[in-house]
There are 2 protein chains.
Amino acid sequence: MTATAAQTRPRKRSGNGTARPADADEIGLDALVGHAGYAVRRFQIWIFQDFIRTLGDVDIRPTQYSVLTVIGANPGLSQMAVAKRLGIERARLVHLLDSLEQRKYVKRVKSKADRRSHALHLTSQGETALAKFKRLAAEHERHVEDRIGKENREQLLRILAGFT
Amino acid sequence: MTATAAQTRPRKRSGNGTARPADADEIGLDALVGHAGYAVRRFQIWIFQDFIRTLGDVDIRPTQYSVLTVIGANPGLSQMAVAKRLGIERARLVHLLDSLEQRKYVKRVKSKADRRSHALHLTSQGETALAKFKRLAAEHERHVEDRIGKENREQLLRILAGFT
DNA sequence: GAAGATTGTTGTTGACGACAACAATTGCAG
DNA sequence: CTGCAATTGTTGTCGTCAACAACAATCTTC
């Protein structure tokens, strides 16, 4: 079988208690195949693992990368704005920024316009680091291409463009 | 250029500290657009939220649904086999089954062939319940179609079939 | 100026993945 | 057959992440 299983066959039905251990490779997923959510979840786990592994040397996780990227592209944003844009809760962003600030990639500048908020900026160290992260992220993206194909990856990005 | 953005345009660069609050809708993601992992993560969050909401009345989450489906399609499986097939750790499956067994959807039958393992089965109550869950899951799947389009959903399933 | 909203912060809860340890049981080497 | 390694289910801990709630400081609005 290729990959497009989707065979709605009740499969062998071990029937009695435990005829044989079942090889885990031959277990039918039945209705699960055909659910977009399941496929997407499994793919997302794989893709994140590859990202984490590829950026393992620099110890940057996907969420951290997204925060750095957004700040790098839009210096001076408030935490609220970054959180909203990335779909992160502002409570969660606090810890993320604590870590990134500790590592000297980001600095929180007290905003003069609104003294409640912080203007977020990359440090110069953060900018050069981000450049390196982007190179590694591009390498990761190549792994995705190797796994699902160049055209499929582009198709995927097109289909899901509305969620970014 | 198609989707492989990678446009290295610093965007408007608010420059000074905080020229204006930035509407969160006009914040550039820059390099983030073009990363499959980011789009997939956002989509996966959306799709899970819809699943949880659609199956909210019956209080079934995606992982629980996947476990019930696999057991329903392959009665008599061991916990190890289910865990391997779904990519769940067996330690985690213990709690999932505790919950599902408490709700009388699943029963653990002591296997005679291998007295270490349990043969997993749906109760009759579990079977009728699963039938209802599947109807609700189909409704959820229709929401996905409404969101990304019928053809795109099928394309997506085709692309990601290798991960199920 | 007072009331209500917003921003950053702290804390709690619950789902989830990764690991480590353990008892009971099985399988295998010798 | 015996003893040792491997497997299965279980318990526990740790770290990540989303969802909330509460709070002080500050802004906005009337």
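In the text below, chain A, chain B and the rest are named by the order of the sequence lines, each starting its count at 1. Source: prediction; values computed, not measured.
The NE2-C1' distance, from A/H95 to C/dT12, rounds to 11 Å in whole Å. In this structure, B/D59 atom CG and C/dA15 atom P are separated by 9 Å, rounded to whole Å. Nucleotide D/dT11 holds its P atom 14 Å from the CZ atom of B/R92, rounded to whole Å. Look at CZ on B/F48: it is 13 Å from C1' on D/dA18, rounded to the nearest Å. If you take CG of A/D114 and C1' of D/dT26, they are 7 Å apart, rounded to a whole angstrom. The nearest whole Å value for the distance from the CG atom in A/L97 to the P atom in D/dC17 is 14 Å. Regarding A/K112, its NZ atom lies at a distance of 15 Å from the P atom of D/dT26, rounded to whole Å. The separation between A/I52 atom CD1 and D/dG15 atom C1' is 12 Å, rounded to whole Å.
Here B/E89 lies in heavy-atom contact (under 4.0 Å) with a base. In this structure, A/R90 reaches the bases: a heavy-atom distance under 4.0 Å links it to at least one base atom across the strands shown. A/R115 comes within 4.0 angstrom of the backbone, heavy atoms only, and of no base.
For B/R116 against C/dT26, a side-chain-to-base donor-acceptor contact under 3.5 Å is absent.
Residue A/R41 places no side-chain N or O under 4.0 Å from the OP1 or OP2 atom of C/dA15. Taking side-chain N and O atoms only, B/R108 has a distance below 4.0 Å to OP1 or OP2 of D/dT10. Within the 4.0 Å cut-off from OP1 or OP2 of C/dT6, not a single side-chain nitrogen or oxygen of A/S117 is found. Considering only side-chain N and O atoms, B/Q79 lies nowhere under 4.0 angstrom from the phosphate OP1 or OP2 of D/dT7.
Where A/Q49 and A/V94 meet DNA chain C, the nucleotide closest to each residue was compared, and A/V94 sits on the side nearer the 5' end.
For the residue pair B/Q155 / B/R158, a side-chain donor-acceptor distance below 3.5 Å is found, with atom types taken as modelled. Using modelled atom types, one finds a donor on one side chain and an acceptor on the other under 3.5 Å when comparing A/Y38 with A/R42.
Residues passing the side-chain hydrogen bond (donor to acceptor under 3.5 Å, both in side chains) test with B/T63, sequence neighbours excluded: none.
Of all nucleotides listed (C/dT7, C/dT10, D/dT8), C/dT10 comes nearest to the side chain of A/A91. In this structure, the nucleotide among D/dC17, C/dT10, C/dG8 sitting nearest to the side chain of A/R61 is D/dC17.
A/F51 does not carry B/R41 over the face of its six-membered ring by the limits of under 6.0 Å from the centre and within 45° of the normal.
Ion pairing of A/E101 with A/K107 is absent here, as no side-chain N (NZ or NE/NH1/NH2) approaches a carboxylate O to less than 4.0 Å.
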